[in-house]
There are 4 protein chains.
Amino acid sequence: MQSPPDSIVAKAAGRPRDARIGQAVLHATTEILEEVGYQRLTIAAVASRAKTTPPAVYRRWPTKAHLVHEAVFPSTSEDVLPHYGDLREGLRSMLLSGVQLLSQPSARAAVPGLLAELAAAPTLHADILSRFAGGEWAWLPIRISQGIENGEVRPEVRAATLLDLISGSAFLATAVGPPERIDPQWIDEVIDLIMRGIAPDHETN
Amino acid sequence: MQSPPDSIVAKAAGRPRDARIGQAVLHATTEILEEVGYQRLTIAAVASRAKTTPPAVYRRWPTKAHLVHEAVFPSTSEDVLPHYGDLREGLRSMLLSGVQLLSQPSARAAVPGLLAELAAAPTLHADILSRFAGGEWAWLPIRISQGIENGEVRPEVRAATLLDLISGSAFLATAVGPPERIDPQWIDEVIDLIMRGIAPDHETN
Amino acid sequence: MQSPPDSIVAKAAGRPRDARIGQAVLHATTEILEEVGYQRLTIAAVASRAKTTPPAVYRRWPTKAHLVHEAVFPSTSEDVLPHYGDLREGLRSMLLSGVQLLSQPSARAAVPGLLAELAAAPTLHADILSRFAGGEWAWLPIRISQGIENGEVRPEVRAATLLDLISGSAFLATAVGPPERIDPQWIDEVIDLIMRGIAPDHETN
Amino acid sequence: MQSPPDSIVAKAAGRPRDARIGQAVLHATTEILEEVGYQRLTIAAVASRAKTTPPAVYRRWPTKAHLVHEAVFPSTSEDVLPHYGDLREGLRSMLLSGVQLLSQPSARAAVPGLLAELAAAPTLHADILSRFAGGEWAWLPIRISQGIENGEVRPEVRAATLLDLISGSAFLATAVGPPERIDPQWIDEVIDLIMRGIAPDHETN
DNA sequence: TGATAAGCGAGACGGTACGTCCGGTCTTGAG
DNA sequence: CTCAAGACCGGACGTACCGTCTCGCTTATCA
């Protein structure tokens, strides 16, 4: 997250970091998150569980929020290449991946806390939000304007509003209530409703 | 919120509470909330601003979350009588009131924090969620089944899913990004999309 | 201590005080004093032990100090008539009665506390100090000037200084160290020293 | 007062204490003592005046009594080497230094309170009493037995009793009544009386 | 005889002060 | 420059308890 040790040029004087510590800390973080939640998670507890010390953690992540964020949403950058194909399938994939991401136990524990910190210190904004739906947020506006051109989508539809609906419902559905609520039927229903909502008149998807 | 002790019979032994303290505390709470946010709000600071002391606050609200909740969402119970009339207008009113409620500065500051506490200590669940959209949450399923009967709504539409979409987008739109994003056009757009989404085939609203 | 109900004139409208409460409170006070000391004695504890309530106590004594003072040094006004006879016997009697008064367990527990309150709020000064050695404080200056006249005492001796020595040693001897330290021999020794100290030159008592 | 931990060898792991905090706290303590007295002095107030916090104070002194004691009677250990010379001058110096020590405003404010705590929790006994007259308490018995040998002092005189008289009068004179009472004449008078009191018969000092 | 006034027990309130937890930082000594 | 150990600083906490107040009742005196 910080000081990606520019492996090419400088030699990073002094003792190199023990890579196992970073791994152990991230692992300990998700564990503790699921056990006690975001608020009660402390750096000291994480360090202790990872068999290291707080300063070693602070050297790697400046903030509890940064640590939790990386632990829960690793920068896998496995950003599935956005498919420019079928609109319905694209939207479904967006919603599904969002819901899956937010449904993991550690994410359920972390997201409200992260959101709260984000509200108080908007510095994290960029870092955190940028990954929330991976590269698919970039795909959406492109595909929508495409759809408007070829008559799949009403011209009035704005991608940003659509994103609010999709992300908002994904967030709400995972954040409140039991996770069982979210099943394939729920996904189908939402996508169906949205597809009908954005379709031009006299056309039935 | 607590101890309106059967106002008819018993007389509540002991010195009665100074009603002005409760008022002052609630007022101070919203002020401080807007100034420093949920996380940095402390009971001591609230008490001090209200010219009283922490114990007086703790006597009234067991938790910072309870205090903030009551300060931001007072139990006005001015639950506007849900109108059983026009569906579009009903939905718009729901969304609008939700957005307005969540757009107040104090609510913007409070909601993520409350949500985080709620995730960690689900005791508040009932208390807090129950009021989020007032009596309108009760109105929705009734009106939807009505709509299904008279052909306004597709039979597959479930009120719960609809609620996820409406609440979720309202929450997301107010929680992230600047409040200016939410304007009448945004409301119209969302309602339009939803109305089209729930309408039966071959019918254009 | 307060409101000596001027038994002659007014009849004190309203319900009269329950005399047993006052007694019980005083008794409870000395008990608790010996058990836990002045600082840890609370009005609530006293009231509870006396089977009554704090307000009933506060109605009688405005302050813990007043209560303790009256409990430990009752205004017996059994002020033994000061004898104007033998000087040595008079001084011995003064020292002895002082030491005995201050040696009671309750007094040992109370005096330092009272002294401390007295230092902080000199209002009690008059009330408390006035009784410390009963009427004998009045006797001393008279008997000393008498002694100077008849050659028992050096003319330079001032009664106030003598009082400092006698009271001071009595206080110190009882306040610090175990009570066993103070025995007849100690008394004799102090009196002997003082008698020699105040005697005129070339005279051996 | 505590933990000057074997200043020779070990280096005390962990972050060292900020020495300025200790100084500032002691200074604030004497100030507040003179302003409001012992009882109303609060650790929190001291900490605040010293621009630090209660925990920092509690780390250094376990009790208000310990703190006040060190603030008022610093362990200067400037224990003036006891002079084995002139008896009268030695006693005068004892009395004078005691009176001066106890006459400082902060000492006048502190002593009764300390005494009261000491009565309730005799743990402090050793700590506090030990310094009350510095090394001179050790000098007295030695010099007295010397004096008995060389005929300056009656053989019956015990140093402990003498100490009661000297300390007791010093304490009483400073503790009650205005400080102006204690002037050189008072000192002379007391010393004169004591010197005559301990002298052998037929000898005039 | 009824009105007045004060004392009483019960119990909660308002507020001071407390002592502690703990989050994040810093120092030391070694690698 | 990193690591581990460990103490320190200070923000915030939640509570114990003190003295007060309110209540409803009781007990005397006074009109």
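Just so it is clear: chains get the letters A, B, ... in the order the sequence lines come, proteins before strands, and each one is counted from 1.
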Quickly work out the [X] [atom1] to [N] [atom2] distance and round it to whole Å.
| X | N | atom1 | atom2 | result |
| --- | --- | --- | --- | --- |
| A:Tyr58 | E:dT25 | OH | C1' | 9 Å |
| C:Arg20 | E:dG7 | CZ | P | 16 Å |
| B:Gln39 | F:dC13 | CD | P | 12 Å |
| D:Trp61 | E:dC18 | CH2 | P | 15 Å |
| A:His66 | E:dG23 | NE2 | C1' | 17 Å |
| A:Tyr38 | E:dG23 | OH | C1' | 13 Å |
| A:Ile32 | E:dC22 | CD1 | P | 14 Å |
| B:Arg15 | E:dC13 | CZ | P | 9 Å |

With side chains defined as the heavy atoms from C-beta onward, is the minimum distance between C:Arg60 and C:Glu70 less than 4.5 Å?
no

Is a salt bridge present between C:Glu35 and C:Arg49, judged by a nitrogen-to-oxygen distance below 4.0 Å?
yes

Of the options [options], whose atoms approach the side-chain atoms of [X] most closely?
| X | options | answer |
| --- | --- | --- |
| D:Thr53 | E:dC18, F:dG10, F:dC3 | F:dG10 |
| B:Thr42 | E:dT25, F:dA12, E:dG9 | F:dA12 |
| C:Ile43 | F:dG19, E:dG14, F:dT22 | F:dG19 |

Mapping D:Lys51 and B:Ala44 onto DNA chain F by nearest heavy atom, which one lands closer to the 5' end?
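Nearest nucleotide further toward 5': that of D:Lys51.
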
Find which nucleotide of DNA chain F each of D:Asp18 and A:Ala56 is nearest to by heavy atoms, and output the residue with the more 5' nucleotide.
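So the residue in question is A:Ala56.
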
Which part of the nucleic acid, if any, lies within reach of B:Lys64 when heavy atoms closer than 4.0 Å are counted: base, sugar-phosphate only, or nothing?
nothing

Give B:Pro55 one of three labels, base, sugar-phosphate or nothing, depending on what nucleic acid heavy atoms sit under 4.0 Å from its own.
base

Comparing C:Thr52 with A:Arg40, nearest DNA chain E nucleotide closer to 5' gives the residue C:Thr52

If I take atom [atom1] from residue [X] and atom [atom2] from residue [Y], how far apart are they, to the nearest 0.5 angstrom?
| X | Y | atom1 | atom2 | result |
| --- | --- | --- | --- | --- |
| A:Leu33 | A:Arg108 | CG | CZ | 13.0 Å |
| B:Thr29 | B:Ile43 | OG1 | CD1 | 7.5 Å |
| C:Lys64 | C:Leu114 | NZ | CG | 9.5 Å |

For [N], does either OP1 or OP2 sit under 4.0 Å from a side-chain N or O belonging to [X]?
| X | N | answer |
| --- | --- | --- |
| D:Arg59 | F:dG6 | no |
| C:Arg17 | E:dG7 | yes |
| A:Arg60 | F:dC1 | no |

